[in-house]
Amino acid sequence: MNCPGYIWARTEVKILAMDENVILRSALDKNLKSAVTTAFLMLPESFSEEDLFIEIAGLSYSGDFRMVVGEEKSKVLNIVKPNVAHFRELYGSILQENPQVVYKTQQGRLEIDKSPEGQFTQLMTLPKTLQQQINHIMDPPGKNRDVEETLFQLAHDPDCGDVVRLGMKKSMIYSSLKLHKMWKGWLRKTS
């Protein structure tokens, strides 16, 4: 059985068939679940499928300076609108299996547990690098709280989604800078 993989190409989603590779499939599933959880934390208690898919697709651009200066700001919407069916196929089972979500597929609506307990559960399943970035944002210098303590505090904060968004943005900027430096180094070596 092949596992579908998805690649963003301009404004459409391309589906690729992957060989039976348990490690690759596991990594893809983990990545999809992380994207959903991150988006949940940045959305209100009730929202549409389209809102969710826009938030997920926007994660890729959250640290991209071109989205602030110059790039068409509706780029994410242009990716999502014509591909809602593909997004449903990609994320449908994750949404239906998540115990913190009420997924009303007929109406295209979702409701998520926004209680402090629900948000803490979501925060604890975020990728470790994002958790550490959030800890860095929330933890004042010299206090050195552990990540779990910081996430517990954040789960009770009405600005939780904004902090997660900032953490994502900083993580993406850091990753972009790191990749840029690696690329420049590679170019120097091959020149």
Side-chain angles (χ1 to χ4, degrees), residues 5-8 11 13 27-81 83 87 90-91 94-95 98 100-101 110 112-141 145-183:
Y6 294 80
I7 293 182
W8 303 107
T11 60
V13 176
L28 177 62
D29 288 345
K30 185 176 180 181
N31 190 19
L32 295 174
K33 288 176 183 175
S34 292
V36 167
T37 301
T38 304
F40 282 166
L41 287 160
M42 296 188 289
L43 286 163
E45 188 172 357
S46 179
F47 49 91
S48 70
E49 285 177 321
E50 190 173 283
D51 293 337
L52 174 65
F53 301 149
I54 288 168
E55 198 69 57
I56 290 170
L59 294 174
S60 298
Y61 297 102
S62 61
D64 190 337
F65 74 95
R66 294 172 303 166
M67 295 303 283
V68 177
V69 291
E71 283 276 323
E72 183 183 337
K73 290 187 169 85
S74 62
K75 185 174 192 165
V76 173
L77 189 59
N78 293 338
I79 291 169
V80 173
K81 283 264 188 202
N83 293 296
F87 278 94
L90 186 60
Y91 293 101
I94 293 169
L95 298 173
N98 189 320
Q100 291 189 302
V101 178
L110 297 99
I112 185 75
D113 180 3
K114 284 294 196 176
S115 69
E117 297 79 15
Q119 290 197 134
F120 181 64
T121 299
Q122 294 163 25
L123 288 164
M124 290 300 292
T125 62
L126 290 175
K128 297 295 179 215
T129 53
L130 181 52
Q131 289 178 348
Q132 290 165 348
Q133 189 63 252
I134 290 168
N135 190 49
H136 183 70
I137 292 166
M138 296 279 298
D139 193 27
R145 288 184 299 182
D146 73 352
V147 173
E148 188 172 340
E149 182 183 349
T150 300
L151 297 180
F152 183 77
Q153 176 192 351
L154 180 58
H156 291 79
D157 190 326
D159 295 326
C160 178
D162 294 334
V163 174
V164 171
R165 188 177 308 280
L166 180 60
M168 251 325 276
K169 187 175 189 172
K170 287 185 174 225
S171 292
M172 297 299 285
I173 289 170
Y174 177 75
S175 296
S176 295
L177 290 173
K178 193 172 178 182
L179 284 172
H180 181 70
K181 286 179 183 178
M182 288 171 44
W183 177 252

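Because only heavy atoms are used, hydrogens play no part in the values below, and waters and symmetry mates are left out as well, while side chains stay in. The structure presented is a predicted model; accordingly, all values stated were derived computationally and were not measured.
- In plain terms, the two heavy atoms of Val76 and Ala57 that are nearest each other are CG1-CB, 3.7 Å.
- In this structure, Cys160 SG and Ile134 CD1 are separated by 7.5 Å, a value rounded to the nearest 0.5 Å.
- The two residues Leu130 and Ser171 come nearest to each other via the heavy atoms CD1-OG, 4.0 Å.
- Note that CD of Gln122 is 12.5 Å distant from OG of Ser34, once rounded to the nearest 0.5 Å.
- Shown here are the ring pair (Phe, Tyr, Trp, His ring centres under 6.0 Å) partners of Phe120, two or more places apart in sequence or in another chain: Phe152.
- For the residue pair Ala155 and Gln119, the shortest heavy atom distance occurs at O-NE2, 3.0 Å.
- In this structure a side-chain-to-backbone donor-acceptor pair under 3.5 Å is present from Asp139 to Arg145.
- By the side-chain hydrogen bond (donor to acceptor under 3.5 Å, both in side chains) test, Thr37 is found to be paired with no residue, residues two or more places apart in sequence or in another chain being considered.
- The NZ atom of Lys128 sits 15.5 Å away from the CD atom of Gln133 when rounded to the nearest 0.5 Å.
- The closest side-chain donor-acceptor pair between Asn135 and Thr150 falls under 3.5 angstrom.
- We find the CG-CE distance between Leu166 and Met42 to be 11.0 Å, quoted to the nearest 0.5 Å.
- With hydrogens and angles disregarded, a donor-acceptor distance shorter than 3.5 Å links the side chain of Lys114 to the backbone of Phe40.
- Residues Leu154 and Asp157 are in side-chain contact: their nearest non-hydrogen atoms beyond the backbone lie under 4.5 Å apart.
- Scanning for ring pair (Phe, Tyr, Trp, His ring centres under 6.0 Å) contacts around Phe53 gives Phe87, with sequence neighbours left out.
- Atom OG1 of residue Thr121 and atom CG of residue Leu151 lie 11.5 Å apart, to the nearest 0.5 angstrom.
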Let me see the working for Thr125 and Lys33 under side-chain contact (heavy atoms from CB on, under 4.5 Å), right down to the final yes or no. CA-CA 9 Å; Thr125 62; Lys33 288 176 183 175; over 6 Å; no
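- Leu59 has its side chain within reach of Met168: a pair of non-hydrogen atoms, C-beta onward, lies under 4.5 Å apart.
- Side chains of Leu41 and Leu126 form a contact here, defined as non-hydrogen atoms less than 4.5 Å apart.
- Among residues at least two apart or in separate chains, salt bridge (Lys or Arg N to Asp or Glu O under 4.0 Å) pairs with a member in residues 40-59 are Glu49-Arg88, Glu50-Lys81, Glu55-Arg165.
- Residues Leu52 and Leu95 have side chains in contact (heavy-atom distance under 4.5 Å, counting atoms from C-beta outward).
- Checked against ring pair (Phe, Tyr, Trp, His ring centres under 6.0 Å), His136 has no partners two or more places apart in sequence or in another chain.
- Under the side-chain hydrogen bond (donor to acceptor under 3.5 Å, both in side chains) criterion, Glu148 pairs with no residue at all, not counting sequence neighbours.
- The main-chain N or O of Leu123 is found under 3.5 Å from a side-chain atom of Gln131 such that the two form a donor-acceptor pair.
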